[in-house]
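Single-structure report; data block below.
Residues take their numbers from the sequence shown, with the count starting at 1. The shown structure was predicted, so the numbers you read here are calculated from the model rather than taken from an experiment.
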Amino acid sequence: VIVVALAKEEYLADWRKEVMTQLGLVALFTLVTLLSSRMLLRRWKREKEIETKLWDNQQQLADIIEFLPDATFAIDKDKRVIIWNRSIEEMTGVSAAEMIGKSDYAYTIPFYGEARPQLMDLVFMDNDEIAAKYPNITHKGNTFMGEVYCNSLYNNKGAWVFAKASPLYDHSGKIIGAIEVIRDITESKQALEKVETLSQRLHLAVSSANLGVWDWAIDDNQMVWNDRMFELYGITSETFSGTVDAWLNGLHPDDKEEAVAASQAALNGEKKFGTVFRICRPDGTVKHIKADALVIKKEDGTSGRMIGINADITEIKYAEEERARLEYQLLLQSRLAAMGEMISNIAHQWRQPLNTIGLIVQYLQISFASGELNQAIFDTNINSIKQIVWHMSNTIDDFRNFFRQDKEKRVFLIAKAVPQAVGLLSAALKDGHIEIELQLEKNIEIFGFMNEYMQALLNIIANAKDVLLEREIKEPRI
């Protein structure tokens, strides 16, 4: 009994130990299971969060691409369309539903009317034929840019576009597709063509007129000249300083101060720049220059640039001087002719006084011979002779003043100038039995040269007198 009891006790102890071991293993397994489940749950949540964020990011990117102002589309490595945004729908007239998933260069048909490779295909392969279709194509790495005319856009109206194509990469850096952004540049292209046309016309006009053109950046003191400017100033581009000093150094010493003052006044906004000055070329020749310029203001209102032209007016100046010389000669000739006429008029003016003096002298001789001459008779006749001589002297003064050249304009009365001019011809008109009548308003004034006005009037009256006498008009009258 004791042995059996001891054996039973030992068995129960072993059984108890085994049970505890099994319970420990079960507990351990349960704990491991719980921990693993929790870790898996956390991992699943994290992956779910990442997946959600990734989807959100993709959706945001898709929305951004969808509403980009530039036409945008993308293809995968099999050249199937995977993106076709709203702007490209408007540009091509093809909806995303129609285009997404299509391949075989279907994306080029709305642009060129045919399926063919275009700029984005250069991402996958080098192709000189494709590159040749884009004038001035450039690239940086695997990004390509170029301009091209697409004849089928906008219902076959056609348009110029700027295109930029770049590869799409996966997380490992492998190219999995390409994206292309397209911008309509038709208006800017047309504007550029207009500017180019205007520039060509301006160049033609400047060349035809032989105008020197200059552009002065005031803050940097940098000046740009065209070829004609170098010709005018007698220097070369190699000796050109590139600053305003090139102009200042060429100015004639006598004209420098005035030219610089005119330039400064234009920069200060006081008046436009338009002046004439002389320049001294290195070979010693002097040229007359007509200069005009426009001042361009900066945003703060200060002068930023000055653009102008120089025209060589040397020949014009010489022609003006020659014309002035000829006009002066003609004036002298006219004055000489008028002087001859005046001498004739003086002869008419003096004929009667000289006859009177002759008669007085003859009377004095007779009176002296007959013994009738006394002091009273002598004094009376001498006074008469003096008055006649005084009158003749005044006549000389009138003619001398008439031929004196006025140096300055002045205000004078017509009512004063006309009688003086007529008075010089009064004797000639009287000899021709020509009556002259003056109808004058007293207060009419003229600002000018009085003597030249009288000379012109005198010529008109003298011509009228000659015609009246030549035609033998009865009772001639002016």
Side-chain angles (χ1 to χ4, degrees), residues 188-327:
S188 59
K189 195 79 173 177
Q190 291 172 345
L192 187 61
E193 289 176 356
K194 288 181 180 179
V195 170
E196 184 65 25
T197 300
L198 290 175
S199 178
Q200 291 174 354
R201 291 176 180 174
L202 179 60
H203 179 72
L204 179 61
V206 168
S207 299
S208 300
N210 273 335
L211 295 176
V213 181
W214 51 269
D215 187 344
W216 178 31
I218 299 169
D219 291 340
D220 299 331
N221 191 23
Q222 295 295 314
M223 181 168 274
V224 178
W225 284 7
N226 71 343
D227 292 340
R228 179 56 178 162
M229 285 291 291
F230 293 122
E231 294 176 7
L232 289 175
Y233 286 75
I235 62 177
T236 64
S237 57
E238 289 76 15
T239 58
F240 178 53
S241 65
T243 68
V244 73
D245 292 337
W247 174 63
L248 295 173
N249 293 336
L251 291 174
H252 192 286
D254 294 341
D255 297 348
K256 188 171 186 177
E257 183 177 351
E258 184 177 347
V260 172
S263 175
Q264 192 60 51
L267 292 176
N268 294 338
E270 298 172 6
K271 62 179 181 179
K272 293 182 178 179
F273 182 76
T275 186
V276 175
F277 51 80
R278 290 169 294 173
I279 59 173
C280 299
R281 292 157 52 97
D283 60 4
T285 58
V286 175
K287 285 187 173 293
H288 294 262
I289 300 296
K290 174 70 171 69
D292 293 281
L294 174 68
V295 177
I296 300 176
K297 300 290 186 179
K298 297 186 292 186
E299 292 182 358
D300 60 4
T302 59
S303 300
R305 290 172 63 200
M306 199 171 183
I307 302 174
I309 58 173
N310 278 190
D312 184 359
I313 60 170
T314 305
E315 293 184 1
I316 297 175
K317 275 290 184 181
Y318 289 158
E320 289 177 350
E321 292 174 359
E322 180 65 15
R323 184 182 65 183
R325 187 184 66 82
L326 292 175
E327 287 178 350

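Remark: Glu315 pairs with no residue by the salt bridge (Lys or Arg N to Asp or Glu O under 4.0 Å) rule, at least two apart or across chains. Partners of Lys297 under the salt bridge (Lys or Arg N to Asp or Glu O under 4.0 Å) rule, at least two apart in sequence or in another chain, do not exist in this structure. Residues forming a side-chain hydrogen bond (donor to acceptor under 3.5 Å, both in side chains) with Gln190 (at least two apart in sequence, or on another chain): none. Residues passing the salt bridge (Lys or Arg N to Asp or Glu O under 4.0 Å) test with Glu320, sequence neighbours excluded: none. Partners of Glu327 under the side-chain contact (heavy atoms from CB on, under 4.5 Å) rule, at least two apart in sequence or in another chain, are Arg323. Scanning for salt bridge (Lys or Arg N to Asp or Glu O under 4.0 Å) contacts around Asp215 gives Arg305, with sequence neighbours left out. When the side-chain contact (heavy atoms from CB on, under 4.5 Å) test is applied to Gln222, the partners found at least two apart in sequence or on another chain are Ala217, Asp220. Annotation: side-chain contact (heavy atoms from CB on, under 4.5 Å) contacts of Asp300 (sequence neighbours excluded): Lys298, Thr302. Scanning for side-chain hydrogen bond (donor to acceptor under 3.5 Å, both in side chains) contacts around Asn221 gives Trp216, with sequence neighbours left out.
Once rounded to the nearest 0.5 Å, the distance linking OG of Ser303 with CG of Asp219 reads 9.5 Å. With rounding to the nearest 0.5 angstrom, the OG1 atom of Thr243 is 8.0 Å from the CG atom of Leu248. Separating the CD1 atom in Ile279 from the OG1 atom in Thr314 is a distance of 7.5 Å, to the nearest 0.5 Å. For the atom pair Asp254 CG and Leu251 CG, the distance stands at 11.5 Å (nearest 0.5 Å). Rounded to the nearest 0.5 Å, atoms CE (Met229) and CD1 (Ile309) are 10.5 Å apart.
Residues in residues 283-295 take part in these salt bridge (charged side-chain N to carboxylate O under 4.0 Å, His left out) pairs, two or more places apart or across chains: Arg281-Asp283, Lys287-Asp312, Lys290-Asp292. For residues 236-269, every residue pair satisfying the ring-ring contact (aromatic ring centres under 6.0 Å, His included) rule, not counting sequence neighbours, is listed here: Trp225-Phe240, Phe230-Phe240, Trp247-Phe277.
The shortest non-hydrogen separation linking Met223 to Trp214 is CE-CE3, 4.1 Å.
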Extract all donor-acceptor atom pairs below 3.5 Å that involve side chains of residues 263-273 and protein atoms in other chains or at least two apart in sequence.
residue: Gln264; atom: NE2; partner: Asn268; partner atom: OD1; Å: 3.2
residue: Asn268; atom: ND2; partner: Gln264; partner atom: O; Å: 3.2

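Under the 3.5 Å distance criterion, the side-chain polar atoms of Asn310 are left unmatched by any main-chain donor or acceptor of Gly212.
Other residues, nucleotides and ligands place more than 12 heavy atoms under 6.0 Å from the CG atom of Asp245.
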